[in-house]
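Below is one structure, written out as structure tokens; the observations come after it.
Both counts, for ligands and for their atoms, begin at 1 and track the order of listing.
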Amino acid sequence: MLSASPTRFVAQRISFRPSNTIPTIFLPPFPRGFPQRSLTKASLNARIVAAMSTTTTTTAVNAVTDAGRGNITHVIFDMDGLLLDTEKFYTEVQEKILARYNKTFDWSLKAKMMGRKAIEAATLFVEECGISDSLSPEAFIVERESMLQDLFPTSDLMPGASRLLRHLHGKGIPICVATGTHTRHFDLKTQRHRELFSLMHHIVRGDDPEVKQGKPAPDGFLAAARRFEDGPVDPRKALVFEDAPSGVMAAKNAGMNVIMVPDPRLDKSYCGVADQVLASLLDFKPEEWGLPPFEDSQN
Ligand SMILES: O=P(O)(O)OC[C@@H](O)CO
Ligand SMILES: [Mg+2]
């Protein structure tokens, strides 16, 4: 069973050099004992070193937040755990694999894995669970996939997802998805919801050629902002919905506004970076962000 042992999660606000398009980047300190060699791509490391060498500015972030409220023109949705109730499948399967080693899977590791590309999440899993000598990240992915194949097609929508997507689409607000999920899994997860996902202007998936690094890098959200009809969209006018700490950081690193809808079991210390935290999409008030209000009173 998952325990809720939290790991302090402090995002540092670092401003990039003026030449950079991203005014401020949120970087999580690598978790204690994190296998930096496996996760860090040279470019991500280089960006971290470059960013770390500048001063911290909170004004840019506040400016983004202040400017964001009230004039959102485009909305970008994360998928797993936000639109689809799929994070539970990953948890279930990972618990089964760990049971073989008499180990338990806990929320502090789950919080680090959520939203990341498969190989990055897999590396975290085997290294932090201390099973990398008997199970490689690649072998873990193959075993996990075989167990997920039957679960993904049964994916249900999260509460409020259909209502919000249909509302925004009906009011002519451009919406899209930016997910860490690979195409082959995306098709399985969405096969019962094709009509709803057809409302999206476009979908950026984890294996998209423009997504060089997974969340918390901003690649997916920046690619999503570029592909709107009138793109690239000013990030200060984009609102992202996310469930995972890595996804929230990716949105902030893209200079965007972000609403976090975390799993209630996620330690609150992971929720400090988002511009707004909601218990459910049903609690979202579009008018707070300059978007058309719901007509129904269902909340
Ligand atoms: O980016 P999302 O849609 O949450 O996908 C994450 C998925 O790879 C599992 O955590
Ligand atoms: Mg997610």
Side-chain angles (χ1 to χ4, degrees), residues 2 39 75-95 97 105 107-125 128 137 140-141 144-145 147-149 151-152 155-161 164-165 175-190 193 196-197 200 202-208 210-224 239-254 256 258-266 270-271 273-274 277-278 280-281:
L2 287 170
L39 170 69
V75 182
I76 303 173
F77 290 92
D78 166 55
M79 189 176 77
D80 289 284
L82 189 281
L83 293 178
L84 293 180
D85 189 8
T86 47
E87 284 296 342
K88 64 183 180 184
F89 296 146
Y90 289 97
T91 302
E92 183 185 319
V93 160
Q94 281 150 192
E95 282 179 335
I97 292 172
F105 184 49
W107 263 91
S108 64
L109 176 53
K110 170 89 181 164
K112 292 176 207 163
M113 290 175 70
M114 295 166 79
R116 292 187 188 272
K117 282 196 172 196
I119 189 63
E120 293 168 6
T123 302
L124 262 170
F125 183 81
E128 296 227 350
F140 164 73
I141 289 176
R144 186 177 76 166
E145 283 214 7
M147 298 160 87
L148 290 169
Q149 292 294 322
L151 293 170
F152 283 158
S155 304
D156 288 322
L157 292 170
M158 293 297 282
L164 178 55
L165 294 181
I175 56 177
C176 76
V177 169
T179 173
T181 286
H182 193 284
T183 298
R184 66 180 179 279
H185 284 170
F186 178 87
D187 296 339
L188 282 175
K189 291 173 181 176
T190 57
H193 311 291
L196 186 66
F197 276 80
M200 300 293 178
H202 54 277
I203 311 273
V204 177
R205 299 169 184 78
D207 54 329
D208 190 294
E210 282 190 54
V211 181
K212 303 283 183 256
Q213 273 131 20
K215 302 171 184 175
D219 303 30
F221 290 125
L222 292 175
L239 178 60
V240 172
F241 283 86
E242 257 287 353
D243 68 305
S246 62
V248 167
M249 280 190 295
K252 296 313 288 181
N253 288 338
M256 298 176 181
V258 58
I259 293 180
M260 187 178 198
V261 187
D263 185 297
R265 290 163 294 183
L266 184 72
Y270 290 101
C271 303
V273 174
V277 181
L278 300 177
S280 154
L281 290 174

Would you please determine whether [X] falls within less than 4.0 Å of ligand 1 on a heavy-atom basis?
X: A244; value: no
X: K117; value: no
X: K215; value: yes

**OP:** Starting from atom 8 (O) of ligand 1, locate the nearest protein heavy atom and write down its residue, its atom name and how far away it is, to 0.1 Å.
**Re:**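 Ranking protein heavy atoms by distance from atom 8 (O) of ligand 1, first comes R116 O, 3.5 Å.
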
of all protein heavy atoms, closest to atom 6 (C) of ligand 1 is G115 CA, 3.6 Å

Run the numbers for me: atoms of ligand 1, each under 4.0 Å from some heavy atom of [X], listed by number.
X: D78; result: 1 (O), 2 (P), 3 (O), 4 (O)
X: M79; result: 3 (O)
X: Y90; result: 7 (C), 9 (C)
X: E87; result: 9 (C), 10 (O)
X: T181; result: 5 (O), 7 (C)

Drop me the distance from E242's CD to M256's CE, to the nearest 0.5 angstrom.
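Rounded to the nearest 0.5 Å, the CD-CE separation comes to 11.5 Å.
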
Heavy-atom side-chain contact between [X] and [Y] under 4.5 Å:
X: V258; Y: K252; value: yes
X: R144; Y: Q94; value: yes
X: F89; Y: M147; value: no
X: D243; Y: D80; value: no
X: V211; Y: R205; value: no

Taking the basic N atoms (NZ, or NE/NH1/NH2) and the acidic carboxylate oxygens, is any pair closer than 4.0 Å for D263 and R265? yes

query: Does any N, O or S atom in D80 come within less than 2.8 Å of the Mg ion (ligand 2)?
result: yes

Original post:
Y90 pairs by ring-ring contact (aromatic ring centres under 6.0 Å, His included) with which of F125, F140, F152?
Top reply: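 In the set F125, F140, F152, the residue that makes a ring-ring contact (aromatic ring centres under 6.0 Å, His included) with Y90 is F152.
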
* Asked: Nearest non-hydrogen atom to atom 3 (O) of ligand 1 belongs to which of T86, L148, V177, T179?
  ->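 Considering heavy atoms of T86, L148, V177, T179, the nearest to atom 3 (O) of ligand 1 sits in T179.
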
Exercise for the section: Could you tell me whether some N/O pair between M114 and ligand 1 is separated by less than 3.5 angstrom? Expected result: no

Check: D80 N/O within less than 3.5 Å of ligand 1 N/O:
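Yes, at least one N or O pair falls under 3.5 Å.
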
>> Suppose you place the vertex at the Mg ion (ligand 2); what is the angle out to D243 OD1 and D78 OD2, to 10°?
In response: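 OD1 of D243 and OD2 of D78 make an angle of 80° at the Mg ion (ligand 2), to the nearest 10°.
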
Can you label the angle between the F197 ring and the H193 ring as parallel, tilted or perpendicular, going by 30° and 60°?
tilted

**OP:** Mind listing the closest non-hydrogen atom pair of F221 and K215 along with its distance?
**Re:**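 That closest heavy-atom pairing would be CZ-CE, 3.9 Å.
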
